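Structure first, then comments.
Whatever order the structure lists ligands and atoms in, that order sets their numbers, starting from 1. As the structure is a prediction and not an experimental result, all values here were calculated from the model.
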Amino acid sequence: LNNEFKALNVFEYEGLARQKLSPETWAYIAAGAEDEVTLARNRASFERLTLRPNLLVDVERIDTSTTVLGQSVAAPILIAPMGQHAFACPDAEVATAAAASAANTVFVASISSSRSIEEITAAAGPVWFQMYLFFRDRGRSEVMIQRAQAAGCRAIVLTVDAPRWGRKERNMRTEDDLPWQIGNLAALPPGRYRYPDGAPATWADVEWLRTITGLPIVIKGILTAEDAALGADHGAQAVVVSNHGGRQLDGAVASIDALAEVVAAVDGRCEVYLDGGIRRGTDVLKSVALGARAVLVGRPILWGLAVNGSQGAAEILRLLQEELAYAMALSGRPTIRSIDRKLVR
Ligand SMILES: Cc1cc2nc3c(=O)[nH]c(=O)nc-3n(C[C@H](O)[C@H](O)[C@H](O)COP(=O)(O)O)c2cc1C
C-alpha cells in the first residue's frame with residue numbers, strides 16, 4: 001500500500017517545500033518588502049472577489065487552451081520569471097523549462113537565472129527572456145538581448161518595477177549566505193554575487209529597446225492605467241500587471257485590483273497579463289474574467305521544484321490547469337473566450 005503523502009493543491013506543496021528548504025532559502029523565496037502588506041493583499045483581494053456562476057450550460061467539454069503573443073498554450077497559465085532556481089533544485093531552470101514544455105506553456109526565464117539562457121532554451125519549449133536594464137551601459141544589455149534572440153527566445157520581458165531593489169527584510173540578514181550563481185554572467189567567478197542597487201530604466205530606454213530588437217516587448221510591473229497607456233504608446237505588445245509578488249513597493253495595490261483599469265486603458269492595443277498570488281484555478285478564472293489574457297505563476301513553481309524537481313513544477317502547472325477546468329465547468333464557461341466580466345462581483 002502506498003501511503004506516501006501526495007499534495008492535492010498548491011498550498012500543500014508550499015508546506016512540503018518549507019519543510020525541505022533551509023530557512024535562508026525559504027526566506028529568499030517567501031519574502032515580501034517591508035511589512036509584507038502588498039504580499040498579503042495579493043491573496044486577500046482574490047479571496048474577496050465573488051463568482052457569479054451560470055448553470056445549465058453545456059460544459060461536457062472544457063477547453064482551457066488559448067494563445068499568448070500568438071503562441072498556443074494549454075491554459076492561460078505561464079511561469080513567471082524568478083532568479084536562482086538552483087536554490088530549489090539542482091537542475092534549476094533546465095528543470096523548469098522541461099516542466100513548462102510538459103505542461104505546454106511558456107517559461108519566462110529571468111536574467112538572474114542560475115543557468116544561462118542558452119542552457120535553458122536548449123532544454124525545451126517556448127521561452128521568453130526577462131531582463132532588467134541593469135547595466136547602465138546599453139552595450140551590455142544589447143549583448144544579452146542578442147544572446148537571448150540567438151538562443152531562440154520569442155519575446156523580451158522588461159521588468160520596470162525595480163529602480164531599486166525592494167527591502168525584503170525577511171531575507172536581508174541571510175541573503176549573502178546563499179550560493180548565488182548567475183548563469184548569464186559566466187565570466188564572473190561563481191559564488192556570491194550581488195547586482196548593482198537596482199535597475200532604474202525610463203521610457204527612453206523602452207524606446208531604445210524597440211530599436212535594437214524585433215522581438216515582441218512585454219513590460220512587466222505595471223499597476224496603473226497611465227503607465228499601461230504609455231506602455232501601449234511605446235509599442236509594448238503586452239504588459240504584465242504585477243507588484244513583483246509584493247517584493248518591491250510595500251503598500252502598492254494588489255495586482256488583481258489594478259487589472260480592470262489597465263485593461264480599460266490599453267483598450268485592446270496590447271495583451272494584458274497578471275501575476276501575484278495565483279494559487280488556485282479560480283484565481284486564474286477571476287483574472288481572465290477581469291480582462292487578463294493570461295496569468296503568470298511565481299513562488300508555487302519554486303515550491304514544486306523543491307518538492308520534486310521538474311516533475312514537481314509540472315505537477316503545479318497540471319493542478320492549476322485542472323482546477324481551472326473544474327472552475328470553468330462549475331461556472332458555465334466552457335472556453336476561455338466565454339469567460340466574461342459578469343462572472344465576477
Ligand atoms: C524568488 C523570487 C525571485 C524573483 N525574481 C524575479 C526576477 O528575476 N525578475 C522578475 O521580473 N521578477 C522576479 N520575481 C517576481 C515574479 O516574476 C512574479 O512577479 C511574482 O513572483 C508573482 O507573484 P507570486 O509569487 O505570488 O506568484 C521573483 C519572485 C520571487 C518569489
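Looking at R210 and E207, no side-chain N of the basic residue comes within less than 4.0 Å of a carboxylate O on the acidic one, giving no salt bridge. Checked for salt-bridge contact, R48 and D257 meet the test: a charged N lies under 4.0 Å from a carboxylate O.
The nearest heavy-atom contact from the protein to atom 12 (N) of ligand 1 is K220 NZ, 3.0 Å. For atom 1 (C) of ligand 1, the closest heavy atom belonging to the protein is R247 NH2, 3.4 Å. The nearest heavy-atom contact from the protein to atom 7 (C) of ligand 1 is Y132 OH, 3.3 Å. Among protein heavy atoms, the minimum distance from atom 15 (C) of ligand 1 is reached at H244 CD2, 3.4 Å. Nearest protein heavy-atom contact of atom 11 (O) of ligand 1 is T159 OG1, 2.7 Å. Closest protein heavy atom to atom 19 (O) of ligand 1: D275 OD2, 2.7 Å. Closest to atom 6 (C) of ligand 1 among all protein heavy atoms lies P81 O, 3.2 Å. Looking from atom 4 (C) of ligand 1 to the surrounding protein, the closest heavy atom is M82 CA, 3.5 Å.
No chain of hydrophobic side-chain contacts below 4.5 Å, direct or via other Ile, Leu, Val, Met, Phe, Trp or Tyr residues, connects V127 to V68.
For I29, the closest heavy-atom approach to ligand 1 falls below 4.0 Å.
Heavy atoms from other residues, nucleotides or ligands lying under 6.0 Å from CD of E34 number more than 12. Within a 6.0 Å sphere centred on CZ of R43, other residues, nucleotides and ligands contribute more than 12 heavy atoms. For Y326, the OH atom sits in a loose shell: 12 or fewer heavy atoms of surrounding residues, nucleotides or ligands are nearer than 6.0 Å. Within a 6.0 Å sphere centred on CZ of R167, heavy atoms belonging to other residues, nucleotides or ligands number 12 at most.
Contact atoms of ligand 1 toward Q130: 7 (C), 8 (O), 9 (N), 10 (C), 11 (O) (distance under 4.0 Å to a heavy atom of the residue). Less than 4.0 angstrom separates some heavy atom of S242 from each of these atoms of ligand 1: 19 (O). For ligand 1 and G276, the ligand atoms under 4.0 Å from any heavy atom of the residue are 22 (C), 23 (O), 26 (O). Every atom of ligand 1 with a heavy atom of S110 under 4.0 Å away is listed here by number and element: 7 (C), 8 (O).
Close N/O approach between L302 and ligand 1 is not found [any backbone or side-chain N/O within under 3.5 Å]. Where the criterion is an N or O separation shorter than 3.5 Å, residue side chain and backbone included, I278 fails it with respect to ligand 1. In terms of N/O distances under 3.5 Å, ligand 1 is not approached by Y28. Residue-to-ligand polar distances place G298 within reach of ligand 1: an N/O pair is separated by less than 3.5 Å.
Within the 4.5 Å cutoff, no side-chain heavy atoms of V295 are placed close to those of L78.
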Side-chain polar contacts of residues 211-221 - donor-acceptor pairs under 3.5 angstrom, sequence neighbours left out - could you list them?
unit_1: T211; atom_1: OG1; unit_2: W208; atom_2: O; d: 2.6
unit_1: T213; atom_1: OG1; unit_2: Q149; atom_2: OE1; d: 2.8
unit_1: T213; atom_1: OG1; unit_2: L215; atom_2: N; d: 3.0

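If you look at R279 next to ligand 1, the close heavy atoms, those under 4.0 Å, all belong to the side chain.
Aromatic ring pairs are classed by plane angle as parallel below 30°, tilted from 30° to 60° and perpendicular above 60°; the pair H244 and Y132 is parallel.
For F87 and W26, the ring centers sit 6.0 Å or farther from each other.
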